[in-house]
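Below is a structure I'd like to ask you about.
Computation of the quantities below employed the complete heavy-atom set of this structure, encompassing side-chain atoms and omitting hydrogens, waters and symmetry-equivalent molecules. Letters A, B, ... mirror the listed sequences (proteins, then strands); counts begin at 1.
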Number of protein chains: 2
Amino acid sequence: MGLRERKKLKTRVALIDAALDLFLEQGYESTTIDQIAAAVDVSPRTFFRYFGSKEDVALAPATDAQDVFLSELHDRPGTESPFTALAQAMRGAVALLRDGEPEDKQRFLKARQVVEATPTIFAGQMRLMMANEQRILEEVSRRRGADDLRSQFVTATFTSTIRVGFENCTVEELSDIDGMSRRLEDTFALVDELMVAGWDH
Amino acid sequence: MGLRERKKLKTRVALIDAALDLFLEQGYESTTIDQIAAAVDVSPRTFFRYFGSKEDVALAPATDAQDVFLSELHDRPGTESPFTALAQAMRGAVALLRDGEPEDKQRFLKARQVVEATPTIFAGQMRLMMANEQRILEEVSRRRGADDLRSQFVTATFTSTIRVGFENCTVEELSDIDGMSRRLEDTFALVDELMVAGWDH
DNA sequence: TAGATTATGTCAGTCCATGACAGATGACAA
DNA sequence: TTGTCATCTGTCATGGACTGACATAATCTA
């Protein structure tokens, strides 16, 4: 990896970190692009060369996490049922985060706090999840061998499960990957309890 | 109702109609507030006295529809199980739209087309649904007598069902309340098939 | 090291959104 | 009817998000 590429990555991360800190400190709305750019010693114009919008920088960690999830999903064996594969991929993604760089973990948790505190950003995360859902739907349809209403339902149920699992966490749980993980397992267990056997086949 | 109040209502509807027509004609992004205001012969400043943002005017019909749904939900007998009450309330809301003014129907369908065509607006609708979900959760918790993870799951499942039912409609279905209604019933039937008995109790 | 690529800064401009103030219009009582 | 009050509307000024164009500076490659 060349110097240019390394520099770009470094600037990107610096922008994300500066933005998240400012958002947490003084709120998303009252933080300006100029402030973020100034904190990283970059021109405001350059900010928009790294992120399409102010919202994007707040959602960058979530976007990256989704990519990790999709990669995990791709690696699941074809023998697993659709929902099992999705749940396992999510467990894998959480594990990667838990065992990864502490800085990445911190960044992810900070971003989650910003998302929870800012309705605009929360809506943006929904948009991300919806976009992701299209790709998940393809995987579910592939495994079920049918692109029908039921595949959509399985996919939507998974999205809901993740959402409920991550939502309404207390502050402690927000700053703790293990807390999130536990709540996720509770929700998966509930799905198992309330769905008829083979519902995702 | 006085003259002043009637005038306000008229202006509001005129702004929505003008906005939706412009959005459909030339796209949401490339339509300016100035254009919308000019079409209704009102100053741009006045537009923002009726709607908090450009997004709000596109989501106005959806917001109104949600209010109708919540009103229907409030009228459901307390003997119904949570999910049954939610489904019945949705059927009631759709019926009200079907049997209502043709203009209201047209407006609603136009708004849906704009939502489908514009990612930003789609995200906004998600935000609306999430805000609504909080109130639905209260009703579910009340009927179940417990404010726990399961209530959240029932609520999230309902939201997903509605979303899947309305989503990915063909152009024909988009311009047809009955088509939407049929698809909704298919989705409700699927829930009934895939969930264990008494899952929402 | 020279030349091609690519990143960055500066500048000008558009559009969304909001506060402040003044003029216009409907509501209401005498 | 008329005068007063509350409310609606237009105008103006401002700030902040975003974008295109162009020049400069940094990296890359031969």
Mind checking what makes side chain to side chain donor-acceptor pair (under 3.5 Å) contact with B:Arg4, not counting sequence neighbours? none
Using a cut-off of strictly less than 4.0 Å between a heavy atom of the residue and any atom of DNA chain C, enumerate the qualifying residues of residues 22-59 of chain B by number. B:Thr31, B:Thr32, B:Ile33, B:Arg45, B:Phe48, B:Arg49, B:Gly52, B:Ser53, B:Lys54
Note: B:Arg107-B:Asp104 ion pair, threshold 4.0 Å (strictly below): yes
Contact interval (first through last nucleotide) of DNA chain D with protein chain B, 4.0 Å heavy-atom: D:dA6 to D:dT11
Would a line drawn from the ring center of A:Phe108 to the ring center of A:Phe166 be shorter than 6.0 Å? no
Tell me, which pairs form a salt bridge (charged side-chain N to carboxylate O under 4.0 Å, His left out) where one or both residues lie in residues 145-160 of chain A, sequence neighbours left out? A:Arg144-A:Asp148, A:Arg150-B:Glu193
B:Glu116 bridged to B:Arg112 by N-O distance under 4.0 Å: yes
What class does the angle between the rings of A:Phe158 and A:Phe69 fall in, given that below 30° is parallel, 30 to 60° is tilted and above 60° is perpendicular? parallel
Which ones in residues 1-9 of chain B lie close to DNA chain C, meaning a heavy atom under 4.0 Å from one of its atoms? B:Gly2, B:Leu3, B:Arg4, B:Lys7
For A:Asp41, does the CG atom have more than 12 heavy-atom neighbours from other residues, nucleotides or ligands under 6.0 Å away? no
By side chain to side chain donor-acceptor pair (under 3.5 Å), B:Glu72 pairs with (sequence neighbours left out) none
Parallel, tilted or perpendicular: which describes the rings of A:Phe23 and A:Tyr28, with under 30° parallel and over 60° perpendicular? perpendicular
Any donor-acceptor pair under 3.5 Å linking the side-chain atoms of A:Glu133 with those of A:Thr155? no
